[in-house]
Each structure stands twice: as C-alpha cells, then as structure tokens.
Amino acid sequence: MCFKSVLIFEDLKLKIADEVRRHMPSFADSFIELDSTGRADFTLKLFRFSRDPNFKSIAESLVSAMKSLDFVETCELSGNYLNIRIKTAFILNLIETSINEKAQYPDTFQDPDRVLVEHTSTNPTGPIHVGRTRNSVIGDSLARLLRRYGYRVSTQYLVNDTGKQVLGLYLGYLESGRPVMTIKNLLDGYKRVYKQIEENKDKEKEIENLIKKYESGDGSIVRDVKSICTVMLDGIRKPLLDLGIKIDDYVWESGFLKSEEMENIIKRLEEYLKDENGAKYVETKEGRKIFIRRSDGTSLYVLRDLAYHLFKSLNYDWLIDVLGEDHKDYVKGLKEILEDKIELRSSLSFVFYSYVSLESGKMSTRSGNVVTLDDLVERATEKALEIVRAKRLDLDESKLKEISRAVAISAIRFNIVRINPEKQLIFRWEEALSFEGDSAPFIMYSYARTTNIIANYTPADNVRTANDFNTYEKALVFKMYSFPYCLNTCRESLRVDPLASYLLELVRLFNDFYNNCRVLGSGDDEPKRIHIVNIYRKIIEDASSILGIRLIDEM
RNA sequence: GGGCACGUGGCCUAGCAUGGAUAGGGCAAUAGCCUCCUAAGCUAUAGAUCAGGGGUCCAAAUCCCCUCGUGCCCGCCA
C-alpha cells in the first residue's frame, strides 16, 4: 500500500525491454542493465538465448529492431552481449524538458500516503556521539529521499524519559544535592551512580523504587525528570541542527505510561497474554517469551514501544524506524506482535546500521570513551578553516567561515552516509578530517567550478549550436540521465549510500569533461556545453540536497 | 551454546538483491601537471589468492554448505 509513489521520467530501459520481447518473448527486464564497462549505455545479456539454434538470426533482427528506435544511436552484438548507445541529444532533451516544465528531473507523482521516519531517539543521558550520529544522518537522508520521491514525510524522535537509565540520571542528580541542571553536572552524577552499581548491585533497587514512584505519577519526580531530559535533549538537538538535521516531532515516552494506546494494546493482546508470577508476557512463534509488564505492574519498554507504534499508526501509513543492529532480534518480536497480533494498519519497515567504535574500543558515554558530535563539528570546522584560509588569501574572514562551515558539515555527513550501513565502522580522526578524494568537498568543488563558468559566460554572436557530442560529453549526459535509476535503487532498498556512490561517479565524469572540454570560448561548442553545465548543476543540487551536502558557489 | 550481520591491494571502500565481458574508487607511495573556465583538481606508475575450503553452474566477489576472524543479540534493561 505504500509504494504508489513513482518517478516520472522516460524509462528507456523499459522501452528497450518491451521492444526486445517482440523478438524474444521470455526476455526479462533484469537482462538489461546500465553498462559499467564503458562499452555501451545499456547492455543486454543474451546468454539465456544463445543456445537457440536460430540465435544468430534472431540477434540480427534484434539489432536492426533496436536501431530503428528513435533514441538508439548504435547497437551491436558483442559475444552474448548486445551493446546499445543512446542518442545524447535525445536524452539531453528529455532531462531539459523535465527541468524546464517541472523544475526537476525526474519529476514525481505526489503520493497521498504519509510516511513517518523515526530516527535518532537516543537516550537523553548525555551528549550525542559520533556512533549515534550514524542513525541521525541515515534517518534524515532517508526522510529527504522519500520526500524527494513524492511521499509526505515527517520525522520523529522518541524521547526515552522512563526506565532505568533516566531514573539513574535522576538519582545521580539527587545524590549530587540537586545542583544546577547543566549537562556536565547531570552527567557527573549519572556516572557516579553507575560506578556505585558496579560495586554494589543493591543500588539498582533504589532506581527501581524511583521507577515505581515515577510511574505512579509522583509530581516532583515527574517535573524534575522532565527538566533533566529537556536539558540533555537540548544538548543533543544543537549539534544535529548544525548538521542540518531537524526532527519534526519529539514524542515523550512517559506519555504512554497510562495512555489509551497502552490500554488498547493490552486489550488487543488479551487472548495472547500469559502470566508468570504476576508478570505478563506474549509468546512468539519461535517460543520466545516477550515480557511486557513486570510483576509489580510497571511497564516494560516493549509495551511502551508497542503503544508508541500504535500511536504512530493513527496518523501515518508507513512507519520506518532507524535502529542499531542490536535491535534486530528485538524488532523480530515487536514486528510479529504488531503485524500478527495487533494487526496494525500501517506498513512497517526497519532500517539497521552497525555500530561505530573507536580504536580504543567500544564507545560509551558512561566510561568516557567517546567522541561527541559537538567535538567532531568543532574540529572539522577548524580544520576546514585552516585549509581554506591557506588557499584563499583574497577572501574576508566571514566568507572563510561560511565556506569552512559548509565544508565541515557536508564532509561529516557524507563520510557517514556513503558507507553501507551494515558495515561496522571504526572512527578515526584523520579520516573524518580528510577533505580530499571520495568526500563531500570533492563534490562541492566541482559545483564551485560550474558557478565560475556560468558567471563568466556571455553568449557569443555568430555561433552555430553544435549538436554532436564527444565521449566526455556523452558519458556525462548519460550519467545524468540515469539519476532516476539510482533513486529507485535507494527507495527500494531504503538505503542512501548508493546515491553517494552515484554522486561521486557523476562528479568524476564532470571532472573528465571539465579537464578535456573547454567550455568558455569554445566557439560552436560553447552553447551546448553551457547547457550541459547548467543541467549538471541541477542534478548535483538535487542529489546533494538529499544527502545534506551544502553546495556553495566558491571554495 | 543458539541466532543475525560483516570479511574485497598496506589502510578505507563500491560491486553481491536480479551470477556473465579486463573487480570500480579513495587514502598512503613514486613520477609529473597551475602564462590555459578554482590544483580541495588532473595524469601516469606500482599494488588484489575478492578471509580459507568445498559445492552448484557453460560461467561465482556475487548463490549453497563448512571453517576461521570481527561486531551484535539471546533480561520481569532500554
């Protein structure tokens, strides 16, 4: 139900496949692909047909059929591959028409379905670190991708203001003698409490008692916990905003403690609910017990999470959660309950990412083995400023700051988002602070070059507009044409890293073009090349905005 | 012990869904390129038993099985 959104563009792949099927009825769409070897634009794999005794003649008629298509430039058989080149003028015109008429390529069909991407949702027990940032960056980029795709998208953060960690934070606050609520003071108290727990397990009892009081609605605790969480949350929101990550809604978990949704969940689960010494649990298909309520009557995280998902489903058709890999098994149970037992009306998707560690080991706020996002933003900005200052002696301080800020933010986001989320990462400063090669500044730099070209362009008189294209121009234009295919891959897999790869390849092709095809003053070639540069700017702006890269006009 | 991922040149990474033409980039290294639209760029050289073994197939980095290594999960924690 949640896949109505479509990209509107001329899909030549499908057109070719349809034509091929007139000659080879069993030809599947998947036998045609975007060529990656430089031999063609599209390539057809004919291995499955090559044993046919009439293969030669069928292939020959196929070649001539392909050649008769108005957008095909060349077509030739090479072994069991059929290599097709598309007329560059044809696709350039397609892209241009879309941009001129719809202001974007590809255009989209606006889907009425509402999508909710829940991401970050990190416990408000300290500043956000670079490991958690992976969640935020992936979630925010996914939301942007789906928005670009035509979905109505909101983002949400579930603030965990219940349970052991937060009440531990509160206990630390009490034992510190209720100091001024600063992140540092709160964190110090929190660390002290957990140190005591390590030495003496009984300390946990104190927290459990606080949970009971809290869940019964004790006024002063509720007020203090809310204040503490607000302070911590502000510390998390700020660096995220620096990265351009604005989360639409913050939902407080404590709101579900005595909620309608929670009652509703329990009612709907009634026939499945089992009892063990007063505690309530649901049994999964695999025979695992999932406890939702303690024997003392207080709620467990699963129950509050179920209530939260029920709440989300009231307003959204497709719920997407971005979660750490440690939640994989947990989600299995959650999903089973929501889909089979509660019969939630919304579709559910889960996106997982692996953890980021440091060379010194696992990241942990409590132990102090962390790199916070604040630190990273600060150091990246400093480093970028140092570099741009050395390169651009002509610019004033505010301009330098503006550039270094954009570079730092973009580089941080890109470094995270370009990696397959399943891969475990080790954070290294020298990599995080590298602004060369496969990085955001590499992309931004090519954009700055186009700005310069456009700024220095004055249409010349007496030129004919050339309409033939060299290999650099052809390759670049076709790559731009293939942008929607990349978006499709991303949407289908709920991944954004393929878009990062696409952007790097696109920029590399632009650099080839830039280094080999003079634009300004190129006579008959000039208008055509200016055209290409303008369209390139559109595509790169589009793709960059999905990944949160801030393009700037000079660097 | 059971389960879920990941393992690609010294280091990082793409490709794996839907098997197919010389495994694509980057960092680091070496040698070059700014009288020419910004050198955060470009060119060239060197560097790969695609963790190891077996299997399926005309064809395996890609699919299946086993082994090893790494991370994560298996709570009346969140």
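Every chain is numbered from 1 and lettered A, B, ... according to where its sequence line falls, protein lines coming before strand lines.
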**Asked** With a 3.5 Å cut-off and just heavy-atom distances, do the side chain of A:Ser439 and the base of B:A40 make a donor-acceptor pair?
**Response**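 No such pair is found, so the answer is no.
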**Message:** Please determine whether any donor N or O and acceptor N or O are separated by less than 3.5 Å between the side chain of A:Asn83 and the base of B:A21.
**Reply:**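 Flag set: donor-acceptor pair detected.
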Students often get this wrong, so: under 4.0 angstrom with heavy atoms, is [X] touching a base, only sugar-phosphate, or nothing?
X: A:Val533; value: nothing
X: A:Glu554; value: base
X: A:Phe442; value: sugar-phosphate
X: A:Ser36; value: nothing
X: A:Leu504; value: nothing
X: A:Ser357; value: nothing
X: A:Asp553; value: base
X: A:Val166; value: nothing
X: A:Glu276; value: base
X: A:Tyr514; value: base
X: A:Arg293; value: nothing
X: A:Gly79; value: nothing

My understanding is that a pair needs two contacts under 3.5 Å, Watson-Crick or G-U wobble. By that rule, which nucleotide pairs with [N]?
N: B:C37; value: none
N: B:G10; value: B:C27
N: B:U70; value: B:A5
N: B:G32; value: B:C42
N: B:U22; value: none
N: B:G75; value: none
N: B:C57; value: none
N: B:G47; value: none

Taking only the [atom1] atom of each, what is the distance from [N] to [M] in whole angstrom?
N: B:A46; M: B:A51; atom1: P; value: 24 Å
N: B:G7; M: B:U49; atom1: C1'; value: 15 Å
N: B:A39; M: B:G24; atom1: C1'; value: 24 Å
N: B:G53; M: B:A17; atom1: C1'; value: 26 Å
N: B:G26; M: B:A14; atom1: C1'; value: 10 Å
N: B:A29; M: B:C12; atom1: C1'; value: 16 Å
N: B:G55; M: B:U43; atom1: P; value: 43 Å
N: B:C65; M: B:A60; atom1: C1'; value: 15 Å

Whole angstroms only, please: what is the [atom1]-[atom2] distance between [X] and [N]?
X: A:Leu433; N: B:A40; atom1: CG; atom2: P; value: 18 Å
X: A:Glu286; N: B:C73; atom1: CD; atom2: C1'; value: 13 Å
X: A:Phe31; N: B:A21; atom1: CZ; atom2: P; value: 16 Å
X: A:Asn511; N: B:C37; atom1: CG; atom2: P; value: 15 Å
X: A:Arg48; N: B:A59; atom1: CZ; atom2: C1'; value: 11 Å
X: A:Leu46; N: B:C58; atom1: CG; atom2: P; value: 19 Å
X: A:Leu509; N: B:G25; atom1: CG; atom2: C1'; value: 12 Å

Does [X] pair with [Y] as a salt bridge, N-O distance under 4.0 Å?
X: A:Arg508; Y: A:Asp438; value: yes
X: A:Lys328; Y: A:Glu422; value: yes
X: A:Arg294; Y: A:Asp296; value: no
X: A:Arg288; Y: A:Glu283; value: no
X: A:Asp11; Y: A:Lys13; value: no
X: A:Asp321; Y: A:Lys312; value: yes
X: A:Lys399; Y: A:Glu402; value: yes

**Item:** Verify stack between A:Tyr281 ring and B:C76 base, 5.5 Å, 30 degrees
**Value:**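 No, aromatic ring not over the base.
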Taking only side-chain nitrogens and oxygens of [X], does any of them come within less than 4.0 Å of OP1 or OP2 of [N]?
X: A:Arg294; N: B:A78; value: yes
X: A:Asn160; N: B:A78; value: no
X: A:Arg495; N: B:G15; value: yes
X: A:Arg304; N: B:A78; value: yes

Let's see if you can work this out: which of [options] has an atom nearest to the side-chain heavy atoms of [X]?
X: A:Arg508; options: B:G25, B:A40, B:C42; value: B:G25
X: A:Ile403; options: B:C58, B:G19, B:A40; value: B:A40
X: A:Leu300; options: B:C76, B:C37, B:C73; value: B:C76
X: A:Thr37; options: B:U22, B:A40, B:G19; value: B:U22
X: A:Lys391; options: B:A21, B:A39, B:A40; value: B:A40

**Geometric class of the A:Tyr281/A:Phe291 ring pair [parallel <30°, tilted 30-60°, perpendicular >60°]** =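 The rings of A:Phe291 and A:Tyr281 sit tilted, inter-plane angle from 30° to 60°.
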**Asked** Any idea how A:Tyr308 and A:Phe311 line up, ring-wise: parallel (<30°), tilted (30 to 60°), or perpendicular (>60°)?
**Response**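 Ring orientation of A:Tyr308 relative to A:Phe311: parallel.
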**B:C65 glycosidic torsion: syn (within 90° of 0) vs anti** =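 This nucleotide is in anti.
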**Item:** A:Asn452 vs A:Val302, nearer the 5' end of RNA chain B by closest nucleotide
**Value:**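 With A:Asn452 and A:Val302 compared, the 5'-side residue is A:Asn452.
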**A:Phe435 or A:Asn516, whichever maps to the more 5' nucleotide of RNA chain B** =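 Going by which nucleotide is closer to the 5' end, it is A:Asn516.
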**Prompt:** Distance from A:Thr125 atom OG1 to A:Asp161 atom CG, nearest 0.5 Å?
**Reply:**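 Result: 12.0 Å between the selected atoms.
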**Prompt:** Just how far is it from atom CG of A:Asn470 to atom NZ of A:Lys528, taken to the nearest 0.5 Å?
**Reply:**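 Rounded to the nearest 0.5 Å, the CG-NZ separation comes out at 6.0 Å.
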**Asked** With a cut-off of under 6.0 Å to the ring centre and 45° to the axis, is A:Arg366 in cation-pi contact with A:Tyr194?
**Response**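 Cation-pi check for A:Arg366 and A:Tyr194: passes.
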**Item:** Nucleotide-resolved protein contact map, nucleotides 2-13 of chain B, B/S/- at heavy-atom distance under 4.0 Å
**Value:** --SBBSB----S
